[in-house]
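Here is the structure we will look at, set down as structure tokens.
Lettering of chains follows the sequences in order, A, B, ..., and the numbering in each one begins at 1. Note that the structure is predicted; figures quoted are calculated from it, not measured.
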Number of protein chains: 2
Amino acid sequence: MNSNQEVIRRLSRYRNVMRKMKGLGLVKVFSDNLADAVGVSPSLVRKDFSMFNLTGNKRGGYRIDDLVTKLNTLLGKDKKQKIIIIGCGKLGQALMNHNGFPRVGIRVVAGFDSDPAVLNAEAPIPILHVKDIKEFIAENEIRVAALTVPEPAAQGMIDTLRKTCVKGVINFAPLTLKSSDDFLIHNMNIEQEIENLFYNIHFAESNPVENLVA
Amino acid sequence: MNSNQEVIRRLSRYRNVMRKMKGLGLVKVFSDNLADAVGVSPSLVRKDFSMFNLTGNKRGGYRIDDLVTKLNTLLGKDKKQKIIIIGCGKLGQALMNHNGFPRVGIRVVAGFDSDPAVLNAEAPIPILHVKDIKEFIAENEIRVAALTVPEPAAQGMIDTLRKTCVKGVINFAPLTLKSSDDFLIHNMNIEQEIENLFYNIHFAESNPVENLVA
DNA sequence: AATATATTGTGAAACAAGTAACTTTATAAT
DNA sequence: ATTATAAAGTTACTTGTTTCACAATATATT
Ligand SMILES: NC(=O)c1ccc[n+]([C@@H]2O[C@H](COP(=O)([O-])OP(=O)(O)OC[C@H]3O[C@@H](n4cnc5c(N)ncnc54)[C@H](O)[C@@H]3O)[C@@H](O)[C@H]2O)c1
Ligand SMILES: NC(=O)c1ccc[n+]([C@@H]2O[C@H](COP(=O)([O-])OP(=O)(O)OC[C@H]3O[C@@H](n4cnc5c(N)ncnc54)[C@H](O)[C@@H]3O)[C@@H](O)[C@H]2O)c1
């Protein structure tokens, strides 16, 4: 029905700020407050909620507790969210040891690498050889993987993952891997986003076309 | 003039695949080829190029060399792209040592941290105390920073950076920091994107509204 | 109890982005 | 030289998203 990615990200953000508001002792919240906090318009907040049947009170706003609970259900946070990390180099190990994941219900259950030197099956989060990945995924019903292998290995690994029950990948290799309906890939291209920042800083105010043509 | 971010990301992608095509010995490319490679429609490729006065030949497509050069200028890749890393923990150090940056013209010139234990002014990429950051930014004319400090420190650091000549930040702390016209923030919320994948996998095919209402 | 008011919820309007279809023109074929 | 054709460049259309404006209504006030 609804395949808009942005609205889901906003729902996530609304929930995150509401969690903080709750921490401050707040009980209810208005579309205006959420709009300010998240940086969108109040009507968009209401539209977003309306779209998912998240209702408030005609006067008195939304009950934070209530909304957070509903959003958790909606966003699937009531389920365990197990992930594996493929490629345990600099970035992969940072992800494996990231202490923010447990806080939001994401659990890294294993890492995989092709280099025997980094393997460690006995660690709290084991690093296993990538040759055993299919078996592991099947046994542990893994649905999501983070891909942190070098660029040349990325597409090959995707081809392997497609043959498993993995259904979503967050890719950090600097190339745009293509998603399909039954196999979602979210590309996090850090290099590209930095380039993009430079572009916007450097050229955005002046007319980029003229810069080029001149 | 043009404030559409997506088109800039696509230009980056077109350029990246053209660099690879060039590596394969190709000389010219058609909108159809680029469309296939990047996963967009041919008319969008042409429109994107047209928007930035990137012209080809009415028959015979676009000259790869020519286009890559023009895109490099347009995207600012002819300039040095210096960045600093603020917060040299797990993720910050991964970024500092990322060997993909030089390849695309991005140079990490320093890291900053508040923990004396991680400082190292003598390293090839020095890690300096964050108390000296303003001075360093001014002296080295830093325009872009990567923010990899813990979430509670993030907003404070942004407030500090706003008083410097830094004009863009790529933020990895899991909160949405707000951008403005003269100070751009790109939020890379890894946790949120993983949540988002789980949402899409779990709920997208079934009707999410009904799941919630039921 | 009656009235005023604040805030939600939503249909319509405005806007932005992408697609499709058409026009132009350079090259190739005859 | 003429004609055909392939692909760029452009315009018009379609689709999707956000904002606007207001009706509905729950709460507060008198
Ligand atoms: N380090 C960063 O901050 C950073 C930033 C942006 C993008 N990236 C991208 O993320 C990816 C990883 O970067 P990194 O810095 O961690 O690199 P890295 O070289 O430190 O780590 C890569 C790891 O992948 C392993 N590997 C190689 N081929 C494999 C395969 N076929 N299967 C399983 N494991 C394999 C290697 O043994 C190594 O341990 C790269 O694509 C890089 O471009 C990294
Ligand atoms: N590690 C990951 O893979 C990962 C993934 C997603 C998001 N993040 C986010 O990135 C940020 C960094 O994560 P990490 O895992 O590297 O954490 P970390 O704790 O390993 O590193 C944080 C570093 O920031 C330094 N620091 C703290 N306050 C500072 C300040 N005011 N000024 C300068 N330096 C300061 C600390 O001394 C430490 O070295 C966090 O916000 C985290 O949520 C990390």
Side-chain angles (χ1 to χ4, degrees), chain A residues 1-14 18 21 26-67 70-71 176 178-179 196 204 208-209 212-213, chain B residues 1-14 18 21 26-68 70-71 176 178-179 196 200 204 208-209 212-213:
Chain A
M1 156 247 164
N2 186 329
S3 62
N4 180 339
Q5 297 305 296
E6 278 312 310
V7 66
I8 303 300
R9 290 197 183 94
R10 286 197 301 269
L11 291 178
S12 238
R13 307 223 293 271
Y14 300 143
M18 279 191 278
M21 286 170 171
L26 297 185
V27 172
K28 56 190 184 183
V29 66
F30 304 127
S31 57
D32 262 43
N33 305 139
L34 285 170
D36 289 342
V38 169
V40 299
S41 76
S43 42
L44 185 55
V45 174
R46 298 199 297 275
K47 228 323 120 68
D48 287 344
F49 287 173
S50 160
M51 208 159 210
F52 289 91
N53 285 7
L54 302 165
T55 60
N57 310 298
K58 272 282 150 63
R59 190 166 160 159
Y62 303 86
R63 288 197 61 80
I64 291 178
D65 256 348
D66 194 44
L67 252 194
K70 281 181 178 166
L71 282 172
T176 304
K178 268 181 274 180
S179 221
N196 201 243
V209 175
L212 194 67
V213 172
Chain B
M1 160 242 165
N2 186 329
S3 64
N4 182 341
Q5 295 306 295
E6 276 313 309
V7 65
I8 304 300
R9 291 197 183 94
R10 285 197 301 269
L11 292 178
S12 240
R13 308 224 292 270
Y14 300 142
M18 278 191 280
M21 287 170 172
L26 298 185
V27 171
K28 54 190 184 180
V29 66
F30 304 126
S31 57
D32 263 43
N33 303 141
L34 286 170
D36 289 342
V38 168
V40 300
S41 76
S43 41
L44 185 55
V45 174
R46 296 199 298 274
K47 198 166 201 188
D48 286 344
F49 288 172
S50 161
M51 208 158 212
F52 290 89
N53 284 7
L54 301 166
T55 60
N57 309 298
K58 270 280 153 60
R59 190 164 161 161
Y62 303 86
R63 288 196 62 80
I64 291 178
D65 255 348
D66 192 45
L67 251 194
V68 169
K70 280 180 179 169
L71 281 172
T176 305
K178 269 181 276 179
S179 223
N196 201 243
N200 281 299
V209 176
L212 193 67
V213 172

Is a side-chain N or O of B/N57 found less than 3.5 angstrom from the main chain of B/R59, in a donor-acceptor match?
no
Atom CZ of A/F49 to atom P of C/dT10: distance rounded to whole Å?
14 Å
In whole angstroms, how far is the C1' atom of C/dA16 from the CZ atom of B/R10?
12 Å
For residues B/L11 and B/F52, determine if any side-chain heavy atom of one lies less than 4.5 Å from a side-chain heavy atom of the other.
yes
Calculate the interatomic distance between B/F30 atom CZ and D/dA8 atom P; express it in whole Å.
7 Å
Give the rounded distance in Å between these two atoms: CG of B/L54 and C1' of D/dT10.
16 Å
Below 4.0 angstrom, which residues in residues 60-67 of chain B have at least one non-hydrogen atom near DNA chain D?
B/G60, B/G61, B/Y62
Classify the side chain of B/K58 versus the base of C/dT27 as yes if they form a donor-acceptor pair under 3.5 Å and no if they do not.
no
Taking C-beta and beyond as the side chain, do B/M18 and B/L26 meet within less than 4.5 Å on heavy atoms?
no
Using heavy-atom distances to pick each residue's nearest nucleotide on DNA chain C, tell me which of B/L44 and B/K28 is more 5'.
B/L44
Can you see if the side chain of B/S31 gets near the phosphate of D/dA7 - specifically, an N or O under 4.0 Å from OP1 or OP2?
no
Taking atom types as modelled, is there a side-chain donor on B/D48 or B/Y14 under 3.5 Å from an acceptor on the other?
yes
Does a side-chain N or O from B/S50 land closer than 4.0 Å to OP1 or OP2 of D/dT10, or not?
yes
So for B/K47 and C/dT19, does any side-chain atom that can act as donor or acceptor lie under 3.5 Å from a complementary atom in the base?
yes
To the nearest Å, give me how far apart CG (A/N57) and C1' (D/dA24) are.
14 Å
Interatomic distance where CG belongs to A/D48 and C1' belongs to D/dT19 [whole Å]
12 Å
Minimum heavy-atom separation for A/Y62 to A/L54, with atom names?
CE2-O, 4.1 Å
Side chain of A/T55 - closest among C/dT8, C/dG9, D/dG9:
C/dG9
Side chains of residues 33-42 of chain B: which donor-acceptor partners sit under 3.5 Å, not counting sequence neighbours?
unit_1	atom_1	unit_2	atom_2	d
B/N33	OD1	B/F30	N	2.9
B/S41	OG	B/S43	OG	3.4
B/S41	OG	B/L44	N	3.3

Does B/S41 place a side-chain N or O at less than 4.0 Å from the phosphate oxygens OP1/OP2 of C/dG18?
no
Can you tell me how far P of D/dA7 sits from CG of B/L34, to the nearest Å?
13 Å
C/dT27 base to B/R59 side chain: any donor-acceptor pair below 3.5 Å?
yes
Nearest heavy-atom contact between A/K28 and A/G60 is CD-O, 3.3 Å
Is there, by distance only and without an angle test, a donor paired with an acceptor across the side chain of A/R46 and the base of C/dT7 below 3.5 Å?
no
What's A/S43 touching, base or sugar-phosphate or nothing? Going by heavy atoms closer than 4.0 Å.
base
Dump the intermediate steps for side chain to side chain contact (heavy atoms under 4.5 Å, CB included) on A/I8 and A/R13, then the final yes or no.
CA-CA 9 Å; A/I8 303 300; A/R13 307 223 293 271; over 6 Å; no
Check the distance between C/dG18's C1' and B/N4's CG and give it to me in whole angstrom.
10 Å
